[in-house]
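By convention in this document, chain letters (A, B, ...) are assigned in the order of the sequence lines, proteins followed by strands, and residues within each chain are numbered from 1.
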There are 2 protein chains.
Amino acid sequence: MNAQIEDILKRNQLSVTSGRVKILELFLGSAGALSHGDIEKKAGERFDRVTVYRTLQVFLEKGIIHNIPTSDNSIRYALCKDNCHAGHHHDNHIHFVCNDCGNTICLENVTIPPVKLPKGFTSTQVDVVVSGICKECK
Amino acid sequence: MNAQIEDILKRNQLSVTSGRVKILELFLGSAGALSHGDIEKKAGERFDRVTVYRTLQVFLEKGIIHNIPTSDNSIRYALCKDNCHAGHHHDNHIHFVCNDCGNTICLENVTIPPVKLPKGFTSTQVDVVVSGICKECK
DNA sequence: AATATTTTGCAACAACGTTGCAATTTATTA
DNA sequence: TAATAAATTGCAACGTTGTTGCAAAATATT
């Protein structure tokens, strides 16, 4: 796993630091998306709040992670798949938020259905967030 | 308009206060969705921050407004149509965020396409947010 | 008009997020 | 591998956003 992590960082021209490695470990080891708070807790007290913020920001810019809109105002982040590039992502999957366990997961195999917009509107991105009960909690 | 506003409040068993009337006026007079900040600015300094928070909260609970998930963490609110009831809304429309003017609008006539979930998942709500360029900014 | 109920504003607080800068860590070069 | 350059981190301080308790004010009820 460590080789994989180093690879991700180097591919994105980022220095390999313990903080970045730790956060990537958390993402790789987590089934669902993580919020800033999740990461701060799971990473322990070894890392400063500010470092977590800055790391997430850098990962976002590089397209390593993407953020998921939620109706409460908690921002959640998840790893992007390989075909995501810095700036514009190809998040062609939908996001599922479980009302029971609270987990947010990427449903990679569920593609976003086409949306017909009124005349004059053009779309660059479509976010779909489904809430309900997940497979585990059923 | 004032009669309409009073009607909305009374129908929801809320006392008619200047703060609530003002905020409803803002919603009725605005094409798009409003954030807490928008409302605070537009309402002027006549109303306390806390009042705005509490009013939006009450309106949400009563189903007068609904909130729109956005990928940045700014929550936006928009008026519900008549067939929304307290608790569970029938937000069968999609939301559009313009990358140019920043407006968030409800596309009432664009219904949410059906989403096929994997086995074991059940959905209670589907939020669709499309980003792009709106009719006005084109 | 008087009373009961609800809502508001204030103050204080907690959580979240940002910025500048010095110290440390990582990468680079020889 | 050691020395230097570059990038990242932690700290402190700050601003914004959102919450809570309580007394004062406004609204509803009789």
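- Each of B:Val50 and A:Val16 was matched to the nucleotide of DNA chain C holding its nearest heavy atom; the match closer to the 5' end belongs to B:Val50.
- Look at NZ on B:Lys41: it is 11 Å from P on D:dT16, rounded to the nearest Å.
- Results of the side-chain contact (heavy atoms from CB on, under 4.5 Å) test with B:Ile5 over B:Val16, B:Ile23, B:Val21 single out B:Val21 as the only residue that passes.
- Straight-line distance from the CG atom of A:Leu56 to the P atom of D:dT8: 15 Å, rounded to whole Å.
- At least one side-chain nitrogen or oxygen of A:Thr17 sits closer than 4.0 Å to the OP1 or OP2 atom of D:dT9.
- Checking the phosphate oxygens (OP1, OP2) of C:dG9, a side-chain nitrogen or oxygen of B:Thr51 falls inside 4.0 Å.
- Of the candidates D:dG18, C:dG9, C:dT18, the closest approach to any side-chain atom of B:Tyr53 belongs to D:dG18.
- In this structure, A:Thr55 OG1 and A:Leu24 CG are separated by 9.0 Å, a value rounded to the nearest 0.5 Å.
- With rounding to whole Å, B:Asn67 atom CG is found 17 Å from D:dT17 atom P.
- A:Lys22 has its NZ atom 18 Å from the P atom of C:dT25, to the nearest Å.
- Computed from coordinates, the A:Lys10 NZ to C:dT28 C1' distance equals 13 Å when rounded to whole Å.
- Mapped onto DNA chain D by nearest heavy atom, B:His36 and B:Ser18 fall at different nucleotides, with B:His36 at the one closer to the 5' end.
- B:Glu40 places its CD atom 13 Å from the C1' atom of C:dG9, with the value rounded to the nearest Å.
- Residue A:Gly19 is the one, among A:Gly19 and B:Arg54, whose nearest nucleotide of DNA chain D lies closer to the 5' end (criterion: closest heavy atom).
- With sequence neighbours left out, the side chain to side chain contact (heavy atoms under 4.5 Å, CB included) criterion links A:Ser30 to A:Leu34.
- Note on A:Arg49: a base of the nucleic acid sits closer than 4.0 angstrom, heavy atoms only.
- Backbone-only engagement by B:Arg20 is indicated by non-hydrogen atom pairs under 4.0 Å involving sugar-phosphate atoms exclusively.
- The separation between B:Ile75 atom CD1 and D:dG18 atom C1' is 9 Å, rounded to whole Å.
- Within a 6.0 Å sphere centred on CD of B:Gln13, heavy atoms belonging to other residues, nucleotides or ligands number 12 at most.
- Note on B:Ser15: every side-chain N or O is 4.0 Å or more away from OP1 and OP2 of C:dT6.
- Residue A:Asp48 contributes atom CG, which lies 14 Å from atom P of D:dA13 at whole-angstrom precision.
- For the side-chain contact (heavy atoms from CB on, under 4.5 Å) test with B:Arg54, the passing option among B:Val50, B:Thr51, B:Val52 is B:Val50; the others fail.
- In the interface, the side chain of B:Arg46 is not paired with the base of C:dG9 through any donor and acceptor atom under 3.5 Å apart.
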